[in-house]
Amino acid sequence: MARQTLMTKVRRLLESRFPGSDVKLERATPSSKVVGTLIWAGFTGRDQIERQRAVREVIRGELSVADQLALSAILTITPTELEVMRAG
C-alpha cells in the first residue's frame, strides 16, 4: 500500500474515533514510516499511557498488521499542551 494511502486511512480513522481532533502525519526519514501528532481535547486529564493505549486499540482494531508495521509513533497531546510547547 502506498504511504499516502496509509496516511489518509490513518488520518480518517483517528479523526473519526477522536472527534474534533487535529491529526498531522508525515513520513519519517530514513525509515519512511508514518509518524505524527494527534491533538485532542479529550486527552485532558489522561496520562500518556492511557492516551497511547487508546490510540493503539483503534489502530489494532482497524488496520492490517502490514499497515500497523508501517507506523512509527503518534504523539498524543492536548490543545493546552500544544500552546505551552509553542510558547516555550
Side-chain angles (χ1 to χ4, degrees):
M1 169 175 284
R3 293 285 183 240
Q4 184 59 45
T5 303
L6 175 61
M7 286 196 292
T8 299
K9 184 187 294 187
V10 170
R11 178 177 289 107
R12 287 180 181 159
L13 174 62
L14 294 176
E15 288 174 346
S16 72
R17 298 296 288 274
F18 299 92
S21 63
D22 182 15
V23 179
K24 298 192 183 337
L25 302 170
E26 62 186 45
R27 273 190 257 167
T29 54
S31 71
S32 293
K33 288 192 173 195
V34 174
V35 299
T37 57
L38 171 59
I39 304 160
W40 187 50
F43 289 138
T44 302
R46 298 171 77 181
D47 65 29
Q48 278 298 323
I49 292 174
E50 290 177 282
R51 297 174 189 189
Q52 290 298 315
R53 282 183 181 147
V55 171
R56 186 176 61 227
E57 285 176 20
V58 168
I59 288 172
R60 282 187 176 166
E62 300 289 332
L63 297 179
S64 69
V65 172
D67 284 350
Q68 292 175 45
L69 293 173
L71 296 175
S72 180
I74 298 176
L75 177 65
T76 53
I77 58 177
T78 68
T80 302
E81 291 167 341
L82 179 63
E83 288 178 24
V84 170
M85 291 187 315
R86 287 182 174 163

> So, using salt bridge (Lys or Arg N to Asp or Glu O under 4.0 Å) as the criterion, who are the partners of Glu81 when residues are at least two apart?
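If we apply the salt bridge (Lys or Arg N to Asp or Glu O under 4.0 Å) test to Glu81, skipping adjacent residues, the hits are Arg51.
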> Pairs in or reaching into residues 57-88: which pass ring-ring contact (aromatic ring centres under 6.0 Å, His included), with residues at least two apart or in two chains?
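ring-ring contact (aromatic ring centres under 6.0 Å, His included) check on residues 57-88 returns no pairs.
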> Can you tell me if Leu69 has over 12 outside heavy atoms packed within less than 6.0 Å of its CG?
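Yes, because the 6.0 Å sphere around CG of Leu69 holds more than 12 heavy atoms from other groups.
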> What pair of heavy atoms forms the shortest contact from Met7 to Val34, and how long is it?
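Smallest interatomic distance, heavy atoms only, reads CG-CG2, 3.6 Å.
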> Applying ring-ring contact (aromatic ring centres under 6.0 Å, His included), which residue pairs with at least one partner in residues 52-88 are found, sequence neighbours left out?
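Listed once each, the pairs would be none.
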> Please identify each residue that fulfils side chain to side chain donor-acceptor pair (under 3.5 Å) with Gln48, with sequence neighbours left out.
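Testing Gln48 for side chain to side chain donor-acceptor pair (under 3.5 Å), a comparison that skips the adjacent residues, returns Thr76.
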> Ignoring hydrogens, what is the shortest heavy-atom contact between Leu13 and Ser16? Give both atom names and the distance.
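In terms of heavy atoms, the two residues are closest at O-OG, 2.9 Å.
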> Would you list the atom pairs, donor with acceptor, under 3.5 Å between side chains in residues 57-64 and any protein atom, with sequence neighbours excluded?
residue, atom, partner, partner atom, Å
Glu62, OE2, Arg17, NH1, 3.4
Ser64, OG, Asp67, N, 3.1

> Transitive ILVMFWY cluster of Ile77 at side-chain heavy atoms under 4.5 Å: who else is in it?
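Direct or chained contacts put Ile77 with Ile39, Leu75, Leu82, Met85.
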> Measure the CZ-CG distance between Arg11 and Leu38 for me, rounded to the nearest 0.5 Å.
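Those atoms lie 11.5 Å apart.
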> Among residues two or more places apart or on two chains, list those pairs meeting ring-ring contact (aromatic ring centres under 6.0 Å, His included) that have a residue in residues 41-84.
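Checked against ring-ring contact (aromatic ring centres under 6.0 Å, His included) - neighbours excluded - the pairs reaching residues 41-84 are Phe18-Phe43, Trp40-Phe43.
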> Atom CZ of Arg27 and atom OG of Ser72: how far apart are they, to the nearest 0.5 Å?
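Between Arg27 CZ and Ser72 OG, I get 14.0 Å after rounding to 0.5 Å.
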> Got a sec, which pairs hit salt bridge (Lys or Arg N to Asp or Glu O under 4.0 Å) with one end in residues 38-48, sequence neighbours left out?
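Pairs touching residues 38-48 that pass the test: none.
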> Not counting sequence neighbours, which residues clear side-chain contact (heavy atoms from CB on, under 4.5 Å) with Ala28? List them please.
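Here the qualifying residues are Ser31, Val35.
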> Determine which pairs satisfy ring-ring contact (aromatic ring centres under 6.0 Å, His included) with at least one residue from residues 64-88, sequence neighbours left out, and list them in order.
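For residues 64-88: none.
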